[in-house]
Amino acid sequence: MQAPSVGGVMLPRGNGQTVRLSSGASLMDFAEKINANPAALVSVMFNLGEMVTATQSVSDATLQLLADEMGFQLEIVSRDDEDRELLESFDIDFGANEGDEDQLAPRPPVVTVMGHVDHGKTRLLDAIRKSNVVAGEAGGITQHIGAYQVVTEVNGEQRPITFLDTPGHEAFSAMRARGAKSTDIAILVVAANDGVMPQTVEALNHAKAAGVPIVVAVNKIDVEGADPTKVRGQLTEFGLVAEEYGGDTMFVDISARQGLNIEQLLEAVVLTADASLDLRANPEQDAQGIAIEAHLDKGRGAMATVLVQRGTLRVGDSIVVGDAYGRVRAMLDENGNSLAEAGPSRPVLLLGLTSVPRAGDSFIVVDEDRTARQIAEKRSARDRNAAFAQRRVRVSLEDLDKAIAAGSIEQLNLIIKGDVSGSVEALEDALVKLDVGEEVELRVLHRGVGAITESDVDLAMGSDAIIIGFNVRAEGRARAAADKEGVDVRYYSVIYQAIEEIENALKGKLKPEYEEVRLGAAEIREVFRSSKFGNIAGVLVRDGIIRRNTKARLLRDGKVVAESLTIEGLRRFKDDATEVREGFEAGVTLGSFNDIKVDDIIETYEMREKPRA
Ligand code: GDP
């Protein structure tokens, strides 16, 4: 047996033994698995031409290289497997109905509404909600919690249906990308006056890929020129053949605006569920399900709408949702009624989590608060590690030319967000007209007005896109998500500069010397007027640090209102300060710039030389 020796240290030799490591593991983790000295592994990597430290998280390729060199079989454990193992170590099996056949009870179908923009998805969701007899009786004020339940009568039976009320396949896909299955049935909305459009096909493909049965709602039949027959014909080409033509897809002609045939549509959903799905769950077990929406409420803390998929969720339960945990303090339904318990397919808004989970995170109820906390903590540690490893594989403008040359990318996906629709359109127009050669195709996946949101980042992540912010920024959770996942977000305030940079990147000419490094952000709480200094901003540093003499920009409602400012004055109480950290208050002056308001955000950054790859 050969044992490589590095600097006199003997190394274990694998002989084909398997080492299991998670994505983002470090040499230290590797060393621990094979009982070796981490420093020796660093030397091995060095001899192989890679400088890495023992604790730094490395890419899968690096782990593979090291394993090959040392004669080990490497098995990279996927996120899902790892999570399953984590839960198994606590004796939890996510996704399992715990119980026998006879403990399974029917549960309502969960429905997502999809279709082309403007075909009436939102309107339909409103119409269905209004048809809800139960809400009417309760007389409650309905609120959007991300999902709602209605009851419809089919063959003399009262049948509930759960609707996810974020329309569109984007949310659906974002969840699916994260391994969550939220939807049993998709309603595909097609406007009868417009027919099948690109996003109709996209939605249909998403549903098919997920193996979700489709019910077609042919909408806007009240409009002149509506041609429901044509829609049926068009969809035949995509494998959706109407029952009346001998197929097995139910088509219902509706008008969301006039509330026409909504009951028939609901009936079609129930019948399709009965015909093609066996929707049952054990209501007795500990509850499990997924988060559909979550946000931070100023007064009530973290709030999440969860969909119970099996079991019954009760007030007082200890719960883990992704890397958030807590104890269910209260549950509300979509009518604002508080609930003591929620069974399978019931969406509820829940209070009591210590932090805000993400849409698509799974939730489980565990027997002790401590278990909940441990699982949550293990998950966030793991996500942090994986994020480092992942950063490397995402597309960025800098290495675009290399990726193209290597043939690993043939399409540059872009997401464009801007402050006004005019500039977004102008930018999109100019970009798609770029002559980018044969090797690569430029595609705008999404464009919109407003700040860069988490959903933009999700989309970018799912399709390796670069996000362009024109006079808008990513803030809060969106920025954190982009940082964590290594999504390249580019900010511009001049159209030609954006175009030039992308063109150069495509041609392999982009060699940025400096990059912007964000230092922190502060929120303006108060504005003091001083005859000597002009307007002084009384701020609270929200994250990072604010440092004197660094660059700054001013954001109002997520939009950049001033660029290239300088933090000229910085004070803590009465003293000058060089920097002020997160959580502290300070007084800031921006030189001669005085147009500041309460709630504005001062974002600070430095220009640092960028190491060339
Ligand atoms: P979404 O983008 O698919 O969510 O579409 P919306 O629900 O926002 O509807 C787009 C537009 O079509 C709105 O102006 C609606 O009022 C209108 N609309 C929706 N359903 C109907 C319908 O059944 N008949 C008519 N005439 N207009 C409709």
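Order of listing sets the numbers, starting from 1, for every ligand and every atom in it. Counting from 1, the numbers follow the sequence of the chain as shown.
Annotation: I254 places no N or O atom under 3.5 Å from an N or O atom of ligand 1; distance criterion only.
At the top of the distance list for atom 5 (O) of ligand 1, counting protein heavy atoms only, stands G120 N, 3.1 Å. Among protein heavy atoms, atom 14 (O) of ligand 1 sits closest to R257 NH2, 4.3 Å. In this structure, atom 4 (O) of ligand 1 lies nearest to the protein heavy atom T122 OG1, 2.5 Å. D222 OD1, 2.7 Å is the protein heavy atom nearest to atom 24 (N) of ligand 1. The protein atom (non-hydrogen) at minimum distance from atom 20 (N) of ligand 1 is N219 ND2, 3.1 Å. Nearest protein neighbour of atom 7 (O) of ligand 1, counting heavy atoms only, is R123 N, 2.8 Å. Distance from atom 28 (C) of ligand 1 to its nearest protein heavy atom, with residue and atom name: K220 CE, 3.7 Å.
Of all the atoms in ligand 1, the ones that sit under 4.0 Å from a non-hydrogen atom of V223 are 25 (C), 26 (N). Of all atoms in ligand 1, listed by their number and element, those nearer than 4.0 Å to a heavy atom of D118 are 1 (P), 2 (O), 3 (O), 5 (O), 10 (C), 12 (O). Taking a cut-off of under 4.0 Å to the non-hydrogen atoms of V117, the atoms of ligand 1 that pass are 2 (O).
Of the candidates T183, D165, D184, T183 is the only one forming a side-chain hydrogen bond (donor to acceptor under 3.5 Å, both in side chains) with T112.
For atom 22 (C) of ligand 1, the nearest protein heavy atom is under 4.0 Å away.
Panel note: side chain T354, backbone Y325; a donor-acceptor pair is recorded below 3.5 Å.
In this structure, I601 CD1 and R556 CZ are separated by 11.0 Å, a value rounded to the nearest 0.5 Å.
In summary, the side chains of H119 and D194 do present a donor paired with an acceptor at a separation below 3.5 Å, with no hydrogens or angles considered. Counting only N and O atoms by type, the side chains of T312 and E341 include no donor and acceptor under 3.5 Å apart. Inspection of the S380 and D323 side chains reveals no N or O donor paired with an N or O acceptor under 3.5 Å.
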Side chain to side chain donor-acceptor pair (under 3.5 Å) assessment of R159 paired with T152: CA-CA 5 Å; R159 303 284 301 267; T152 187; over 6 Å; no

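At a 4.0 Å cut-off, at least one heavy atom of H116 sits close enough to ligand 1 to count as contact.
Ring pair F163/Y148: centre-to-centre distance below 6.0 Å.
Between E243 and R232 no salt bridge is recorded (no basic side-chain N to carboxylate O distance below 4.0 Å).
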